Amino acid sequence: MGLSIHFVVDPQGWCCVGAIFFIWFYNTLFIPKLILFPRFDEGQISVAAIWAYYLTSIFCIISLLRASTADPGKLQDSPKIPLTEKELWELCNKCNMMRPKRSHHCSRCGHCVRRMDHHCPWINNCVGEDNHWLFLQLCFYTQLLSGYTLVLDFCHYYYFLPLAINWDIFIFRHELALLRISTFMGIVMFGGMCSLFYTQIMGILTDTTTIEKMANCCDEISRARKPWQQTFSEVFGTRWKILWFIPFRRRQPLRVSYYFANHV
């Protein structure tokens, strides 16, 4: 199944996405200019460090753009329900449409989403069956890029030798302020994404969405446990683990031999 463009009209969500994009653009612009290129010119780091930073940055922004614009699993009007699957569907009491069990109605987007995990303002989109894998990639590459940035900021002042080359006058005058801003944003993003990524991973391992956790509170969800390989394969749409890290592909729904009917 290809990912169609899904655009949510929400000014608050636009501001959140803009903030994330600004942090990405700031670090992608200034970290190479402040640290990577000068250190490479003096032979203190290899070209592999520069390529690794830009590659991580590219994967991060592509994951953000795709997670923000991908259809999370919006249900079509008047869906066709196979006779053999009628017991796996239910009526939504908000939009009066039939939907698969474990779907949820998003009040902000105004429609039901298959296996909806939550609505994320930071991507201005729901996280559902069709874009959950992109959201996981976004969390992973954001914390990877933020952690890499923090390591470079630390090494710039406490490990690398002082620079002897002539810098751009603006960079030279504002180096400390620019790096402090970078460090602050790196700490915030790394800490927030690590926490979010952990909760997402635990949800996949237990085959439970964020909405289901909130609805069941501290009660144990009575659902048979699947192997972790299967739960991750269902989210990413493939059993090839190397493809779990690639945001350039098209996700195909993975066929499973059984369906769990626990739902909200």
Side-chain angles (χ1 to χ4, degrees), residues 3-34 53-54 56-75 94-95 103-150 153 170 174 177-201 203 209-211 213-214 247-248:
L3 291 175
S4 59
I5 298 298
H6 181 75
F7 187 76
V8 180
V9 180
D10 184 1
Q12 179 184 354
W14 296 342
C15 293
C16 292
V17 174
I20 299 298
F21 181 81
F22 170 78
I23 294 174
W24 170 85
F25 181 78
Y26 182 95
N27 285 323
T28 303
L29 176 66
F30 285 111
I31 292 300
K33 198 168 185 178
L34 283 168
Y53 192 86
Y54 276 118
T56 306
S57 179
I58 291 173
F59 275 49
C60 180
I61 192 61
I62 290 178
S63 299
L64 172 62
L65 294 176
R66 292 203 63 189
S68 300
T69 59
D71 184 352
K74 177 182 176 181
L75 290 175
K94 295 182 179 179
C95 61
S103 301
H104 187 78
H105 186 92
C106 178
S107 57
R108 186 173 291 272
C109 296
H111 54 73
C112 288
V113 176
R114 296 191 308 273
R115 203 181 185 280
M116 177 176 168
D117 187 84
H118 67 287
H119 182 93
C120 180
W122 299 106
I123 64 172
N124 192 33
N125 201 358
C126 290
V127 177
E129 182 179 285
D130 288 346
N131 72 339
H132 197 177
W133 66 286
L134 291 167
F135 184 73
L136 287 171
Q137 289 183 353
L138 174 62
C139 294
F140 175 76
Y141 287 117
T142 300
Q143 63 180 329
L144 193 64
L145 184 64
S146 301
Y148 196 178
T149 299
L150 290 175
D153 289 339
F170 177 84
H174 303 284
L178 291 172
L179 287 180
R180 282 179 176 176
I181 294 173
S182 173
T183 302
F184 173 76
M185 292 190 299
I187 292 174
V188 172
M189 293 300 295
F190 185 76
M193 283 298 172
C194 283
S195 175
L196 180 59
F197 189 66
Y198 172 78
T199 58
Q200 289 294 307
I201 293 298
T209 66
T210 300
I211 292 176
K213 289 180 182 178
M214 296 173 62
F248 308 102

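Predicted, not measured: the structure shown is a model, and the values here were computed from it.
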Is the closest side-chain heavy-atom distance between [X] and [Y] below 4.5 Å?
{"X": "H119", "Y": "C109", "answer": "yes"}
{"X": "C95", "Y": "C112", "answer": "yes"}
{"X": "D153", "Y": "S182", "answer": "yes"}
{"X": "M116", "Y": "C106", "answer": "yes"}
{"X": "L75", "Y": "V113", "answer": "no"}
{"X": "F135", "Y": "H118", "answer": "yes"}

Do you know which two heavy atoms are closest between [X] and [Y], and how far apart they sit?
{"X": "C120", "Y": "V127", "result": "CB-CG2, 4.2 Å"}
{"X": "S57", "Y": "W24", "result": "OG-NE1, 2.7 Å"}
{"X": "N131", "Y": "A70", "result": "CB-CB, 4.0 Å"}
{"X": "L136", "Y": "Q200", "result": "CD2-CB, 3.5 Å"}
{"X": "D71", "Y": "D130", "result": "O-CB, 3.1 Å"}
{"X": "A19", "Y": "W122", "result": "CB-CZ3, 4.5 Å"}

*Please work out whether the ring planes of F30 and Y26 are parallel, tilted or perpendicular, with thresholds of 30° and 60°.*
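Tilted: the ring planes of F30 and Y26 meet at 30° to 60°.
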*Would the F59 and F248 ring centres measure less than 6.0 Å apart?*
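Ring centroids of F59 and F248 are less than 6.0 Å from each other.
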_salt bridge (Lys or Arg N to Asp or Glu O under 4.0 Å) between R114 and E129, worked out_ = CA-CA 6 Å; R114 296 191 308 273; E129 182 179 285; 3.2 Å; yes
*List the steps and the verdict of side-chain contact (heavy atoms from CB on, under 4.5 Å) for N27 and L145.*
CA-CA 9 Å; N27 285 323; L145 184 64; 5.6 Å; no
So, taking the atom named [atom1] in [X] and the one named [atom2] in [Y], what distance separates them when rounded to the nearest 0.5 Å?
{"X": "I20", "Y": "S68", "atom1": "CD1", "atom2": "OG", "answer": "9.5 Å"}
{"X": "I61", "Y": "T142", "atom1": "CD1", "atom2": "OG1", "answer": "9.0 Å"}
{"X": "C126", "Y": "H132", "atom1": "SG", "atom2": "NE2", "answer": "12.5 Å"}
{"X": "I187", "Y": "T149", "atom1": "CD1", "atom2": "OG1", "answer": "11.5 Å"}
{"X": "Y53", "Y": "I31", "atom1": "OH", "atom2": "CD1", "answer": "5.0 Å"}
{"X": "C139", "Y": "M189", "atom1": "SG", "atom2": "CE", "answer": "9.0 Å"}

*Y54 atom OH, over 12 foreign heavy atoms within 6.0 Å*: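 Atom OH in Y54 is crowded, with more than 12 foreign heavy atoms closer than 6.0 Å.
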For the side chain of [X] and the backbone of [Y], is there at least one donor-acceptor N/O pair under 3.5 Å apart?
{"X": "S195", "Y": "G192", "answer": "no"}
{"X": "D117", "Y": "T210", "answer": "yes"}
{"X": "D10", "Y": "R108", "answer": "no"}
{"X": "N124", "Y": "P121", "answer": "no"}

_Step-by-step side-chain contact (heavy atoms from CB on, under 4.5 Å) determination, K33 to L29_ = CA-CA 7 Å; K33 198 168 185 178; L29 176 66; 5.7 Å; no
*Taking it one step at a time, do W133 and R66 satisfy side-chain contact (heavy atoms from CB on, under 4.5 Å)?*
CA-CA 10 Å; W133 66 286; R66 292 203 63 189; 3.9 Å; yes
*Please lay out, stage by stage, how M193 and F140 fare under the test side-chain contact (heavy atoms from CB on, under 4.5 Å).*
CA-CA 8 Å; M193 283 298 172; F140 175 76; over 6 Å; no
